[in-house]
There are 2 protein chains.
Amino acid sequence: MESITVYDIAREANVSVATVSRVLNDTAPVRTSTRQKIMAIIEKHNFQPNALARSLVNKKTGMIGVLFPDSSNMFFPEVFGGAERAAQKLGFTLFLCNTFSNFSRESEYLNLLCERQVEGLLFMGGRINSRHCPEQLVQEVVDIQKRIPIVLINGSLPGHPCHRVKTDEYAGTQLIMQHLIDRGHRSIGFLGGNAETTTTMEKLQAYKSTLGANGLPFRKQIVRLGDFSMECGRKLMEQFLTMPNCPTAFLCINDYVAIGAMKSVISHGLRIPEDIAIAGFDDSQLASAMNPELTTISQHSEELGSQAMALLSRLIEKEKVKKLTVLEPKLIVRQST
Amino acid sequence: MESITVYDIAREANVSVATVSRVLNDTAPVRTSTRQKIMAIIEKHNFQPNALARSLVNKKTGMIGVLFPDSSNMFFPEVFGGAERAAQKLGFTLFLCNTFSNFSRESEYLNLLCERQVEGLLFMGGRINSRHCPEQLVQEVVDIQKRIPIVLINGSLPGHPCHRVKTDEYAGTQLIMQHLIDRGHRSIGFLGGNAETTTTMEKLQAYKSTLGANGLPFRKQIVRLGDFSMECGRKLMEQFLTMPNCPTAFLCINDYVAIGAMKSVISHGLRIPEDIAIAGFDDSQLASAMNPELTTISQHSEELGSQAMALLSRLIEKEKVKKLTVLEPKLIVRQST
DNA sequence: TTGTACGCGTTATCAA
DNA sequence: TTGATAACGCGTACAA
């Protein structure tokens with residue numbers, strides 16, 4: 001019941017707590033015989049030092065806080081899977097926090113993590129992707145950053161330089177748009193996303209620019225935003241399919257939206273890609289699971305996580321590192337285009 | 001840089017640390033004027049009490065350790081998503097640990113979590129689903145359980161009573177087998193899973209018994225195990241499709257295997273369900289995303305998580321609770337059967 | 001090689 | 001209503 005402490009060990013071994021601590025941390029020479037005696041007692045009671053007390057004096061917790069918007073979107077588990085592997089090698093432990101894309105929950109977790117003395121923060125989603133983020137929420141992060149290193153993944157804090165790791169979503173969008181155009185499509189719809197989200201706007205810009213570079217008109221009637229869900233993809237596509245001049249191809253904000261769109265197309269008895277081509281974004285598991293398999297853009301989700309973690313680790317060691325790391329996206333051509 | 005403490009606050013306010021602590025925790029009456037003075041200073045420096053020190057004296061961390069085998073299998077994020085929502089309401093925070101289905105990593109995390117003084121443990125996968133788990137690993141958990149409440153999700157520790165929450169996978173399998181049989185199938189293959197895994201064997205038993213109850217023979221040639229991945233489903237189905245007497249339906253260990261199997265079937269130009277029917281298990285996102293949509297069994301993944309968390313909370317409060325909670329599975333008939 | 005005593009940042013007890 | 005001061009469990013100078 002009452003947890004056993006170094007004092008208990010020390011008493012039983014007829015030594016001081018200092019000696020126990022020494023064998024625990026191998027921080028100073030201890031006579032072999034006493035070491036063994038102490039070790040035996042530790043084993044016997046299967047004593048585990050209290051990490052709280054330890055961290056309190058060390059001022060090190062080995063913990064990294066990770067904020068992400070939604071564990072039910074496969075993209076994020078993939079990212080923090082990568083981060084976790086990297087963390088393990090570096091001797092850190094992740095503290096995963098699902099913010100459910102809710103600003104106030106973000107704030108709560110931010111507080112919690114700081115109080116719990118995390119040594120660094122990995123930040124995804126929410127306010128760092130919000131176009132009109134209240135200045136107060138930005139400031140909150142900026143203040144924390146003065147004391148704790150933060151790495152932003154696929155996001156930024158407007159007006160404040162931060163360490164960031166991102167895939168070039170602009171280039172990714174160009175890549176896939178060009179692919180669609182090269183396939184002969186002249187009318188390409190844009191599906192999903194949210195006008196308040198920076199990444200959506202970035203992709204939309206790239207969409208527009210690629211159109212222009214190929215001498216194709218930008219028609220805002222075939223750009224339909226919404227959110228990032230399958231349901232959204234389905235609904236939007238339903239609208240298009242009853243339209244007179246339905247585009248022959250669609251670029252979707254992510255794989256989920258793409259899949260929703262596919263379902264709608266299929267339920268109308270149309271063929272993919274013969275009648276309508278559909279492209280996604282993220283290359284999550286879903287993309288290759290689908291039938292037909294989804295053409296998409298790989299963001300290298302796991303590497304995004306591992307690189308961010310590596311960067312954060314160097315930041316914690318107070319090394320000098322470059323502010324921005326950009327991963328090149330990759331076009332994954334499958335069957336849906 | 002140097003974090004600010006209650007002493008700093010106390011000094012600046014010309015009071016003692018005790019008083020600061022009182023306003024912080026509202027644990028004793030403080031004159032309104034001094035309270036306000038202190039609050040102002042706290043705001044000004046935006047002081048956050050050190051949770052480590054706090055927990056050290058309280059002996060409460062509010063942390064729940066969660067062990068799960070694989071964040072890239074959607075089933076688990078769904079479960080701990082449910083657990084997280086419940087935890088939030090109950091005032092707990094989850095410490096998520098991805099064990100990558102590795103026994104030694106499980107042990108490492110178990111240690112870590114204990115040292116970090118979690119108040120409870122949610123355990124999924126790994127050793128609690130292992131048929132031949134080394135006694136030492138079982139003992140490890142049993143020992144911890146003496147000090148810290150543990151709830152096992154969809155698993156057990158043979159020979160040791162534990163608090164458990166599970167869906168009735170046996171009943172679930174019967175449900176879906178009966179469905180297949182009712183659809184007229186007489187030869188039903190079993191795909192994926194692993195003979196070392198208790199859940200696999202449980203499903204296999206149910207498979208066998210349902211066959212028997214319907215006067216159908218059990219033929220072990222059409223039972224092919226492997227693992228829990230899409231790739232496994234694909235490979236196994238490839239084998240079947242070149243077989244002379246290929247079954248007309250397949251029950252897969254989970255949705256991933258089912259999807260792999262579907263891909264194989266489709267690539268051979270066969271139709272689902274007309275030529276071959278396929279059923280999954282778990283009702284993860286994937287199931288409804290597929291084309292055709294996958295018939296499967298819902299395990300109520302989120303509720304599994306929330307119920308486990310609720311149970312754990314009561315255990316922490318030292319309430320008396322029943323050892324076993326069983327959720328009824330639900331047959332979700334879609335297009336693949 | 002070992003022990004004493006203090007500090008880490010809080011909360012809680014007991015006086016005042 | 002407030003202030004000393006002793007825990008909490010551990011690491012570490014400093015001394016022996």
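Computed from a prediction, not measured in an experiment: that's the story for all the values here. In what follows, chains are A, B, ... by sequence order, proteins preceding strands, each numbered from 1.
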What's the CD-C1' distance between A/Gln117 and C/dG9, to the nearest Å?
9 Å
If only side-chain N and O atoms of A/Thr34 are considered, is one of them under 4.0 Å from the OP1 or OP2 phosphate oxygen of C/dT2?
yes
Should A/Asn50 be listed as having a side-chain N or O under 4.0 Å from OP1 or OP2 of D/dC8?
no
Does a side-chain N or O from A/Asn58 land closer than 4.0 Å to OP1 or OP2 of D/dC10, or not?
no
Could you tell me whether B/Asn14 contacts a base, only the sugar-phosphate backbone, or nothing, with contacts defined as non-hydrogen atoms closer than 4.0 Å?
sugar-phosphate
Rounded to the nearest angstrom, tell me the gap between atom CD in B/Glu115 and atom P in D/dC8.
20 Å
Have a look at A/Val20 and say if it touches a base, only the backbone sugar-phosphate, or nothing, with a 4.0 Å heavy-atom cut-off.
nothing
Do any side-chain nitrogens or oxygens of B/Thr27 fall under 4.0 Å of OP1 or OP2 in C/dT11?
no
Distance check: side-chain N/O of A/Ser21 vs OP1/OP2 of D/dT12, anything under 4.0 Å?
no
Over how many whole Å does the gap from A/Lys37 atom NZ to C/dT1 atom P extend?
15 Å
Phosphate OP1/OP2 of C/dT11 contacted by B/Arg54 side-chain N/O (<4.0 Å):
yes
Candidate nucleotides D/dC8, C/dT1, C/dT4, ranked by approach to the side chain of A/Ala18 - the nearest:
C/dT4
Phosphate-side-chain proximity, B/Lys59 and D/dA7, N/O vs OP1/OP2 below 4.0 Å:
no
How long is the line joining CG of B/Asp8 and P of C/dG9, in whole Å?
9 Å
Nearest to the side chain of B/Leu56 - C/dT1, D/dT2, D/dC8?
D/dC8
For the residue pair B/Arg105 and B/Asn98, establish whether any side-chain heavy-atom pair is separated by less than 4.5 Å.
no
Over how many whole Å does the gap from B/Ile4 atom CD1 to C/dT10 atom P extend?
9 Å
Salt bridge or not between A/Glu115 and B/Arg54? Use side-chain N to carboxylate O under 4.0 Å.
no
B/Ser16 or B/Ala53, whichever maps to the more 5' nucleotide of DNA chain D
B/Ser16
Looking only at heavy atoms, what is the nearest atom pair of B/Leu67 and B/Leu110, with distance?
CD1-CD1, 3.2 Å
Can you see if the side chain of A/Thr5 gets near the phosphate of D/dC8 - specifically, an N or O under 4.0 Å from OP1 or OP2?
no
From the list A/Leu96, A/Thr99, A/Asn73, side chain to side chain contact (heavy atoms under 4.5 Å, CB included) partner of A/Phe68 resolves to A/Leu96
Rounded distance in Å - NZ (B/Lys60) to P (C/dA12)
11 Å
Could you tell me how far apart B/Asn25 (CG) and C/dA12 (P) are, to the nearest whole angstrom?
7 Å
Name the closest nucleotide to the A/Arg22 side chain, picking from D/dA13, D/dG9, D/dC10.
D/dA13
Hydrogens and angles aside, do B/Gln36 and B/Arg31 bring a side-chain donor and acceptor to less than 3.5 Å of each other?
no
Tell me what A/Val57 touches on the nucleic acid: a base, only sugar-phosphate, or nothing, going by heavy atoms under 4.0 Å.
base
Measure CG/A/Leu52 against C1'/C/dC8 and give the value in whole Å, please.
12 Å
What I want to find out is whether A/Glu106 reaches A/Arg127 closely enough, with some N-O distance under 4.0 Å, to be called a salt bridge.
yes
